[in-house]
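The first residue of the sequence shown is numbered 1, and numbering continues consecutively from there. Basis for what follows: all heavy atoms, side chains included, without hydrogens, waters or symmetry-related copies.
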Amino acid sequence: MPNEAIRRFVQGTLGCRCADRVFERVESGFEDWHGGRCLRMLIGGRLLIRIVAAPEKDELGSRLARWMDAGRAERDALGLNRFRLVLKARSPAEVRAAVEGILAGTTPDEHSHVHVVAPDDLVSVYPKR
């Protein structure tokens, strides 16, 4: 997939302030990750992004904790600066509210974030399979 589409997604949709030059080196691909299909992106040796389908509401808390722990551990092991977990959801506002409730009592990690986006926001970077 073209790096330009990834740059637009990361800077536009996710709101990350990565410099344009980091998009000169992008690795991306699908893989199995903690029981589901995931699109993994490594951007410029600085940013790790994992895009997964949002689970059902009753599984969100346990999966979110597992995914965030795994993403931060991978970020740290690779010596990267940031980790972004992107949840693909048909009802982004509902899932975002649930995520905020789950994360409300946790200690923030300024170098990791959860984003919730609609499937249409992912068209350029997450092709249907």
Side-chain angles (χ1 to χ4, degrees):
M1 88 192 51
N3 291 1
E4 181 59 26
I6 292 173
R7 185 191 65 74
R8 282 193 311 272
F9 171 73
V10 172
Q11 291 178 331
T13 304
L14 300 184
C16 295
R17 290 182 247 155
C18 298
D20 288 342
R21 72 180 178 281
V22 302
F23 295 94
E24 293 171 4
R25 193 173 88 221
V26 173
E27 299 172 33
S28 66
F30 288 93
E31 61 184 43
D32 289 328
W33 191 61
H34 295 278
R37 182 171 173 248
C38 170
L39 176 58
R40 178 181 183 260
M41 296 181 195
L42 286 174
I43 299 173
R46 296 180 179 192
L47 174 63
L48 170 64
I49 297 175
R50 292 237 179 222
I51 302 173
V52 296
E56 296 297 322
K57 198 171 188 175
D58 61 335
E59 294 181 25
L60 184 59
S62 63
R63 288 199 185 193
L64 184 62
R66 188 173 8 167
W67 288 336
M68 291 302 289
D69 288 346
R72 287 190 290 255
E74 183 179 10
R75 172 202 67 197
D76 294 346
L78 294 173
L80 304 173
N81 297 350
R82 306 232 183 257
F83 169 62
R84 304 282 189 244
L85 175 65
V86 179
L87 301 176
K88 177 176 73 166
R90 281 180 251 153
S91 302
E94 184 179 315
V95 173
R96 191 174 298 113
V99 166
E100 289 171 1
I102 291 165
L103 296 179
T106 64
T107 303
D109 174 345
E110 297 300 321
H111 299 282
S112 62
H113 299 280
V114 179
H115 301 270
V116 183
V117 300
D120 288 348
D121 294 330
L122 293 167
V123 169
S124 64
V125 296
Y126 196 103
K128 291 182 181 181
R129 288 191 172 194

Under 3.5 Å donor-acceptor pairs involving side-chain atoms of residues 51-61, not counting sequence neighbours:
unit_1: E59; atom_1: OE1; unit_2: R63; atom_2: NE; d: 3.0
unit_1: E59; atom_1: OE1; unit_2: R63; atom_2: NH2; d: 2.8

Hey, any chance [X] and [Y] share a hydrophobic cluster, counting ILVMFWY side chains that come within less than 4.5 Å of each other, even indirectly?
X: L122; Y: V114; result: no
X: F30; Y: W33; result: no
X: L80; Y: V26; result: no
X: L64; Y: L48; result: yes

For a quick test of your reading: what N or O donor-acceptor pairs under 3.5 Å do the side chains of residues 81-102 make, sequence neighbours left out?
unit_1: R82; atom_1: NH1; unit_2: E110; atom_2: O; d: 3.2
unit_1: R82; atom_1: NH1; unit_2: H111; atom_2: ND1; d: 2.6
unit_1: R84; atom_1: NH1; unit_2: H113; atom_2: NE2; d: 3.2
unit_1: R96; atom_1: NH2; unit_2: V116; atom_2: O; d: 2.6

Residues in side chain to side chain contact (heavy atoms under 4.5 Å, CB included) with R21, at least two apart?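 With sequence neighbours excluded, R21 shows a side chain to side chain contact (heavy atoms under 4.5 Å, CB included) to A19, E24, R46, given in chain and number order.
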
Got a sec, which residues hit salt bridge (charged side-chain N to carboxylate O under 4.0 Å, His left out) with [X], two or more places apart in sequence or on another chain?
X: D109; result: R72, R75
X: E74; result: R40, R50
X: R8; result: E4

Quick one: do L78 and L42 satisfy side chain to side chain contact (heavy atoms under 4.5 Å, CB included)? Show the steps, please. CA-CA 10 Å; L78 294 173; L42 286 174; 4.0 Å; yes

First locate atom CE of M68, then atom CG of L103, and finally report the distance between them rounded to the nearest 0.5 Å.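 Here the interatomic distance stands at 6.5 Å.
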
Roughly how far, to the nearest 0.5 Å, is the CD atom of E27 from the CD1 atom of I43?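 That separation rounds to 10.5 Å.
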
Heavy-atom neighbours of R66 CZ exceed 12 at 6.0 Å: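 Check passes, neighbour count above 12.
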
What donor-acceptor contacts under 3.5 angstrom involve side-chain atoms of residues 9-18, with partners at least two apart or in another chain?
unit_1: Q11; atom_1: OE1; unit_2: R7; atom_2: NH1; d: 2.5
unit_1: Q11; atom_1: NE2; unit_2: C18; atom_2: O; d: 2.6
unit_1: Q11; atom_1: NE2; unit_2: D20; atom_2: OD1; d: 3.0

